[in-house]
Amino acid sequence: MDILLIIIGIVLLIGGIIGCVAPVIPGPPISYIALILLQLTSYKPFTTSFLVIWLIIVLFITIADYFIPIWGTKKMGGTKFGTWGSTIGLIVSVIVLPFLGITLGPFGLIGIIAGPFAGAFIGEKIYGQSSEKAFKAAMGSFLGFLVGTILKFAICIIIAIQFLVKVFGIVF
């Protein structure tokens, strides 16, 4: 049973890392579940306080990830139109552009990166902002998206390292 839980945990760690760039998959919570599964094995490598602290970190990062792009857009002078545009751009790029990426190579990845930027820019233009203000707000949304992604990725990598250290005794 331990081996099955460890294999499922490794799959969840990979899914968590993928979830850092795919907004439909909550990366850090999925990675955290891998720690819980490892705790259910006969190893029981973690203390309760360790798991509680990581739960708080994961919840904080997961919630903050929704607000960081909004904060970035607002910090750079954006409106709710820019924020909504950024969100819609991200969703469209994640759903539509990867399919194009299969036939057009890196276009899918570029689209995932550029989607929030383009969406915020278009949203600001719809609101009636000048191109300069729309670009600035779009840049804030894009930077917020990048910061959130980097934070999620860092958390998932740290969780994966903790998991691997406890399972395989690997020291990085």
Side-chain angles (χ1 to χ4, degrees), residues 9-37 50-101 105-127 129 131-164 172:
I10 291 170
V11 169
L12 289 173
L13 291 172
I14 293 167
I17 291 170
I18 291 169
C20 293
V21 293
V24 294
I25 302 171
I30 288 176
S31 291
Y32 180 78
I33 292 170
L35 293 179
I36 298 298
L37 288 180
F50 175 88
L51 291 172
V52 169
I53 289 168
W54 272 103
L55 176 62
I56 292 167
I57 291 169
V58 164
L59 289 175
F60 176 77
I61 291 298
T62 302
I63 293 167
D65 183 52
Y66 290 102
F67 294 102
I68 292 171
I70 295 168
W71 178 79
T73 302
K74 292 205 178 281
K75 193 76 171 161
M76 299 292 260
T79 64
K80 287 185 181 184
F81 280 78
T83 303
W84 277 103
S86 174
T87 303
I88 292 168
L90 179 62
I91 292 168
V92 167
S93 67
V94 166
I95 293 171
V96 175
L97 295 177
F99 294 115
L100 293 176
F107 185 66
L109 180 60
I110 292 168
I112 289 172
I113 294 169
F117 178 87
F121 184 83
I122 291 167
E124 292 297 334
K125 289 301 286 178
I126 290 171
Y127 182 69
Q129 296 280 34
S131 292
E132 183 180 313
K133 286 184 178 182
F135 181 81
K136 187 176 177 182
M139 203 55 167
S141 173
F142 176 70
L143 291 174
F145 169 74
L146 283 180
V147 167
T149 300
I150 290 168
L151 287 173
K152 290 187 300 184
F153 184 74
I155 293 299
C156 288
I157 292 297
I158 293 169
I159 289 172
I161 289 170
Q162 289 294 323
F163 186 95
L164 295 173
F172 293 92

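Here, residue 1 is the first one in the sequence, and each next residue gets the next number.
The aromatic rings of W54 and F50 sit tilted relative to each other, their planes meeting at an angle between 30° and 60°. Using bins of under 30°, 30° to 60° and over 60° for the plane-to-plane angle, the ring pair F81/Y127 lands in the tilted bin.
Closest heavy-atom contact between G16 and C156: O-SG, 3.5 Å. Closest of all the heavy-atom pairs between L13 and A160 is CD2-CA, 3.8 Å. Residues G15 and I25 approach most closely at O-CG2, 3.9 Å, considering heavy atoms. When all heavy atoms of E124 and T79 are compared, the pair lying nearest together is OE2-N, 2.7 Å. Closest of all the heavy-atom pairs between S131 and F121 is O-CE1, 3.6 Å.
Atom CZ of F60 and atom CG of D65 lie 11.0 Å apart (nearest 0.5 Å). Rounded to the nearest 0.5 angstrom, I61 CD1 and I68 CD1 are separated by 6.5 Å. Rounding to the nearest 0.5 Å places CG of L143 at 9.5 Å from CH2 of W71. Rounding to the nearest 0.5 Å places CE of M139 at 6.5 Å from CZ of F142. Distance check: L164 CG to I157 CD1 gives 9.5 Å after rounding to the nearest 0.5 Å. Taken from NZ in K152 to OG1 in T62, the straight-line distance is 8.0 Å, to the nearest 0.5 Å.
With hydrogens and angles disregarded, no donor-acceptor distance shorter than 3.5 Å links the side chain of S141 to the backbone of A137. Proximity of a side-chain donor or acceptor of S86 to a complementary backbone N or O of G82 within less than 3.5 Å is not detected.
Aromatic ring centres of Y32 and F163: separated by at least 6.0 Å.
The shortest side-chain heavy-atom distance between V58 and I159 falls under the 4.5 Å cut-off. In this structure the side chain of L51 never reaches within 4.5 angstrom of the side chain of L55, judged on heavy atoms.
Atom NZ of K136 sits in a sparse spot, with 12 or fewer heavy atoms from other residues, nucleotides or ligands closer than 6.0 Å.
With P28 as the partner, the side-chain contact (heavy atoms from CB on, under 4.5 Å) test is satisfied by one option alone out of I17, L151, I155: I155.
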